[in-house]
Amino acid sequence: MDDFSKQRINFVEVLPILYRRMPSVPQILMLWAIIGALLGLQHMLASHGYERLRLDKDSLTAKLNTTLEALSGEVVSGAQGKLVAISDDTMELDDVGFYGDLLTLAKHHSTQVWFTRIMIDKENEEVVLEGDASSTQALNNLYSQLITLPEFSDYGLNLRDIKRTMLAGEDERVLHSFIITNVKQYRRRSR
Amino acid sequence: MFSLKENQLGTQVVVRPHDIAGPGFDLLVVKPQGEGKKYLLEGFWSDPDVSLDVGLAEVVRAYKLSRKHCTLVLPHSSYAHFTLNKPNIPHHEIRDSLPWVAQDRLEAMSFHSPVLDACLASKSLQGKEHNKMHVFVAEDSHVRSCIDNVRSAKLKVDVVTVHELAIAAFLRDWSVDTLLGYIVVDSTHACSLVMVLNGDFVAYKNLPSINLEASPNVQQDQFTLFWSEVSRHFQHYISCLEKRPPVAFYLSGVGAANLNKHTLFTQCFREKFSKGAKLNTIDLTQVMESEGVDDAVWSMIQHDLVGGALLYG
């Protein structure tokens, strides 16, 4: 086909692929078998709560920022907790609404914690929300309020406060994180 | 005389409709027998009244050709052919660029949904014919329908090519260092000229038709006009070659037999061309085994059918 130096033409080659390589009957049957198996697998995974929505990092960040802005009623700045990065480029999320719910609750119960990064631990199915809190006390307050909520109380919400001192100019800042466990169960229930 | 490569596909089937959407088709089955050996004619079928979709399946069954690979040679009436300057882009992109490269020409044609393919013109050509390419355009639905008809007869269509390139393939060994003029005279005495050099297709030209019923004076005029036209075309292409090659002509087609016997026709040819130029008829037994084949069959086999078998052999 590409050897244009030869004096040859073949109209079959310039017609669409179907006219060049008509699949044989066994090939068609094999294709249908593969499609059937994939559909079956997808159905099985969906029924077990593994149905996932694949989102890229940028679109997820945009969606969560929209949620934050809707909650605060104002344009969220980076300093206030605009999501600046999501840790995994090929993150597979069950439902972006889950994070929206979480952020809604956090926002509702605290005005002192801002999230700046979401990290997903796929193996342990844990979600780490990292953010700036004005103090450990502020984070503890948030935690104690969240843990009593029915959305989380049955499924475990563990706080791991990680203090990391960062120098921002001449000021010291402390970063806090907490971990929410049993995400998978939450997903099932929320569906 | 011939050094034909053995075809890996074995038996070669060539189908040639007389009209892409009308009645009439030829079918040729040949088998290459190895390098330097003649092709074995395994079967030939020609029916001017039955169309592919009606008659081919029966022939395929009769010859037990089901699932054989097949070359389809389109008759000249089923497509348009023109030459264009080769676009200055990589070779592998030329085919995809054809709808745009040939846009101006296509607009003047009446194709509803054209399918295009092209090949380079002979590299021997310089001057006005340097860096050209041949473009072939057919109606997409006609080609598809033709392919579908052949496929429904349980043949596998590998190649769909055109009359000119099949003829060039057929004449490749006769045209070594010789500019060949292959003149087809059909049953209505309409004439065409395919020029071939070193197995490369050079040009296709329509020639003045010939009326053998005319009076001797008129015949003299028409033969003179005929060979003048041929000469004019040849002079043009010879002027585009670095070295003047020997010239030879082959007459073919249903109407050629009558012309060959016509002394006035050959006399006019001699007046236009030098003594070195030859006017021949093709003897297919030079390329195919003749044993067991009726003599009448040789005169019926169209050469582009054989060319179709040689094209990808």
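Labels below follow one simple rule: chain letters A, B, ... track the order of the sequence lines, proteins then strands, and each chain is numbered from 1.
Taken from CG in B:Asp200 to NZ in A:Lys6, the straight-line distance is 12.0 Å, to the nearest 0.5 Å. For the atom pair CZ (A:Arg8) and CG (B:Leu165), the distance works out to 10.5 Å, reported to the nearest 0.5 Å. Separation of atoms OH (B:Tyr79) and CZ (A:Phe11) is listed at 8.0 Å; rounding is to 0.5 Å.
Within a 6.0 Å sphere centred on NZ of B:Lys86, other residues, nucleotides and ligands contribute more than 12 heavy atoms. Heavy-atom neighbours of B:Lys68 NZ from other residues, nucleotides or ligands within 6.0 Å: at or below the threshold of 12. Within a 6.0 Å sphere centred on CD of B:Glu242, other residues, nucleotides and ligands contribute 12 heavy atoms or fewer. Dense packing is recorded around CE of B:Met109, with more than 12 heavy atoms of other residues, nucleotides or ligands lying under 6.0 Å away.
Near-neighbour residues of residues 118-127 of chain B relative to chain A, defined by a heavy atom under 4.5 Å from a heavy atom of that chain, comprise B:Ala118, B:Cys119, B:Leu120, B:Ala121, B:Ser122, B:Lys123.
In this structure B:Gln302 satisfies the side chain to side chain donor-acceptor pair (under 3.5 Å) test with no other residue, sequence neighbours excluded. In this structure B:Glu129 satisfies the side chain to side chain donor-acceptor pair (under 3.5 Å) test together with B:His236, sequence neighbours excluded. For B:Asp53, the side chain to side chain donor-acceptor pair (under 3.5 Å) partners two or more places apart in sequence, or in a different chain, are B:Ser51.
By the 4.5 Å heavy-atom criterion applied to side chains, A:Leu15 and B:Val143 are counted as neighbours. Proximity of A:Val14 to B:Leu116: side-chain heavy atoms (C-beta onward) are nowhere separated by under 4.5 Å. Annotation: side chain of A:Asn10 is not in contact with side chain of B:Thr161 (no heavy-atom distance under 4.5 Å).
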Q. Given the rule in the side-chain contact (heavy atoms from CB on, under 4.5 Å) test, do A:Val12 and B:Asp158 qualify, once you have shown the distances and angles that lead to the verdict?
A. CA-CA 7 Å; A:Val12 180; B:Asp158 282 341; over 6 Å; no

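Between the side chain of A:Gln7 and the backbone N or O of B:Phe201 there is at least one donor-acceptor pair closer than 3.5 Å.
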